[in-house]
Q: 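Handing you a structure now.
Treat the numbers as computed from the prediction; the structure is a model and nothing was measured. These values consider heavy atoms only, across backbone and side chains, with no hydrogens, waters or symmetry-generated copies.
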Amino acid sequence: MLDLAKAVASSPTGEAGRRALVLDEQWGIGPKLHGGYLLAVLAQAAVDELLPDDASGGHDFPQAVTGTFLRAPDPGAADVKVTVLRRGRGASQVRALLSQDGRPCVEAAMVLGDTPDPSGREGDVSPAPITVTPFEACERRPENTDDGRGGLPIMRVVDTRLDPACTGFLEGRPTGEGRLTGWAELDTREPWSPVGLLVALDILPPACFDLGLDGWSPTMSLTAHVHAVPAPGPLRVTQWLDHLVGDRMHERCEVWDTTDRLVGQASQLAAVRR
């Protein structure tokens, strides 16, 4: 089992801005790799490309990441091309493209900045943390499911637990609210990193499941905003359906750490395969 830091790592190829890596099959949903994991791969590659250059100002924090999913890569060898669009004193803008066998798979535009001061919370304005059943009282999601979508390898590496109040859809009794809430903690119990939050912001099942729509829901575009370095421990996660028309839906997600700090938010456009 690879921890998250190793699973998103890449290495220089000798060509400017191009890095090589191996996509880890454990970070998958059914036969496809997890969208948040793929964004984390791109964000880590961008951070690693900026850090050796003193002109970047040490911008190692992915403040905003917007990914467009072109095609699903397979586990195995791949490469990332990082293009620095602008280096600034307060932030740097970067574009990264994940390709496999010469075919583009995921492209992301990012804003990288300085790591926020963990003590600078005075004057913060953010939503209050959600109420959720305690972590120990929630059942861990299994790796294998009976819904025909195949296994969920990522459940081996991310301890994901849904609040019992929203698990009725598993037995054909969705609440109809279109919201899922629960917990996420890395199986290694390592603290979540800012790059790792890109995984957590996409870890819950599609919120349309709570409407009784349980088909495959591939992500088309995912935008994540990372606000702070999470405190150690499991993250509280809620995801809800904002809008659904035809075969497209818009979801939003919010994540809090154990100190009740909102550490990340995301929105995504996904297809609905009924």
Q: According to a hydrophobic-cluster definition based on side-chain heavy atoms being under 4.5 Å apart (Ile, Leu, Val, Met, Phe, Trp, Tyr only), do Val8 and Val158 belong together?
A: yes
Q: Tell me the closest heavy-atom pair linking Val237 and Ala200, and the distance in Å.
A: CG1-O, 4.0 Å
Q: Could you tell me whether the side chain of Ile130 reaches within less than 4.5 Å of the side chain of Glu254, counting heavy atoms only?
A: no
Q: Please determine whether residues Leu42 and Val82 belong to a single hydrophobic cluster, defined as Ile, Leu, Val, Met, Phe, Trp and Tyr linked transitively by side-chain heavy-atom distances below 4.5 Å.
A: yes
Q: Taking it one step at a time, do Leu23 and Leu38 satisfy side-chain contact (heavy atoms from CB on, under 4.5 Å)?
A: CA-CA 8 Å; Leu23 296 172; Leu38 295 174; 4.1 Å; yes
Q: Going through the distances and angles, do Phe69 and Leu39 end up as a side-chain contact (heavy atoms from CB on, under 4.5 Å)?
A: CA-CA 10 Å; Phe69 296 81; Leu39 283 195; 4.1 Å; yes
Q: Any side-chain to backbone donor/acceptor pair from Asp187 onto Val157? Under 3.5 Å, distance only.
A: no
Q: Mind telling me whether Phe209 and Phe169 have parallel, tilted or perpendicular rings, with 30° and 60° as the class edges?
A: tilted
Q: Test of understanding: clusters of I, L, V, M, F, W, Y form through side-chain heavy atoms closer than 4.5 Å, transitively. Do Val41 and Phe61 belong to the same one?
A: yes
Q: Using a strict threshold of under 4.0 Å (side-chain N to carboxylate O), is an ion pair present between Asp163 and Arg179?
A: no
Q: Given side chains that start at C-beta, do those of Asp3 and Leu186 come closer than 4.5 Å, heavy atoms only?
A: no
Q: Hey, is the main chain of Thr160 close enough, under 3.5 Å, to the side chain of Arg141 for a donor-acceptor pair?
A: no
Q: Quick check on salt bridge (Lys or Arg N to Asp or Glu O under 4.0 Å): which of Arg87, Arg95, Lys81, Arg19 does Glu49 satisfy it with?
A: Arg19
Q: Tell me the closest heavy-atom pair linking Ala231 and Asp257, and the distance in Å.
A: N-OD2, 3.0 Å
Q: Heavy-atom count check: over 12 atoms from other residues, nucleotides or ligands less than 6.0 Å from Arg189 CZ?
A: yes
Q: Drop me the distance from Glu251's CD to Ser267's OG, to the nearest 0.5 angstrom.
A: 10.0 Å
Q: Could you tell me which non-hydrogen atom of Ala64 sits nearest to which non-hydrogen atom of His225, and how far apart they are?
A: CB-CD2, 3.7 Å
Q: At what distance, to the nearest 0.5 angstrom, does CG of Asp202 lie from CD of Gln268?
A: 5.0 Å
Q: Between Ile203, Leu198, Asp24, which is the residue that forms a side-chain contact (heavy atoms from CB on, under 4.5 Å) with Tyr37?
A: Asp24
Q: In terms of heavy-atom contacts, does CD of Gln93 have more than 12 from other residues, nucleotides or ligands at under 6.0 Å?
A: yes
Q: Which pair of heavy atoms, one from Ala40 and one from Val199, lies closest together, and at what distance?
A: CB-CG2, 4.2 Å
Q: Judged by atom type as modelled, is there a donor-acceptor pair below 3.5 Å linking the side chain of Trp192 to the main-chain atoms of Ala184?
A: yes
Q: Using side-chain heavy atoms (C-beta onward) and a distance below 4.5 Å, is Asp74 in contact with Gln100?
A: yes
Q: Counting C-beta onward and ignoring hydrogens, is there a side-chain heavy-atom pair between Met155 and Asn144 closer than 4.5 Å?
A: no
Q: Calculate, to the nearest 0.5 Å, the distance between atoms OG1 and CG belonging to Thr13 and Leu21 respectively.
A: 11.5 Å
Q: So, taking the atom named CG in Leu241 and the one named CG in Asp210, what distance separates them when rounded to the nearest 0.5 Å?
A: 9.5 Å
Q: Indicate the atoms forming the closest heavy-atom contact of Pro205 with Leu180, along with that distance.
A: O-CD1, 3.4 Å
Q: May I ask you to test the Pro62-Leu112 pair for a side-chain heavy-atom distance under 4.5 Å?
A: yes
Q: Closest heavy-atom contact between Ala270 and Ser217?
A: CB-O, 4.2 Å
Q: Evaluate the side-chain contact (heavy atoms from CB on, under 4.5 Å) criterion for residues Asp60 and Leu50: first the C-alpha distance (whole Å), next the side-chain angles of each, then the deciding distance (0.1 Å), finally the verdict.
A: CA-CA 8 Å; Asp60 59 353; Leu50 278 178; over 6 Å; no
Q: Which value, rounded to the nearest 0.5 Å, describes the distance between Leu211 atom CG and Thr175 atom OG1?
A: 7.5 Å
Q: Rounded to the nearest 0.5 Å, what's the gap from CG on Leu98 to CG on Asp79? Could you check?
A: 7.5 Å
Q: For a 4.5 angstrom cut-off between non-hydrogen side-chain atoms, does Leu244 reach Leu213?
A: yes
Q: Say whether Val65 and Val84 are linked into one hydrophobic cluster, either directly or through other cluster members, by side-chain heavy-atom distances under 4.5 angstrom.
A: yes
Q: Consider only side-chain heavy atoms of I, L, V, M, F, W and Y, link residues closer than 4.5 Å, and tell whether Val106 and Trp27 are in one cluster.
A: yes
Q: Just wondering, do Arg71 and Pro104 contact through their side chains at under 4.5 Å, heavy atoms?
A: yes
Q: So if I apply the side-chain contact (heavy atoms from CB on, under 4.5 Å) rule between Leu162 and each of Thr181, Thr167, Thr133, which one comes out positive?
A: Thr167
Q: Got Cys138 and Trp183 here, is their nearest side-chain heavy-atom distance under 4.5 Å?
A: yes
Q: Under 3.5 Å, is there a donor-acceptor pair between the side chain of His59 and the main chain of Arg89?
A: yes
Q: Is a side-chain N or O of Thr258 found less than 3.5 angstrom from the main chain of Pro232, in a donor-acceptor match?
A: yes
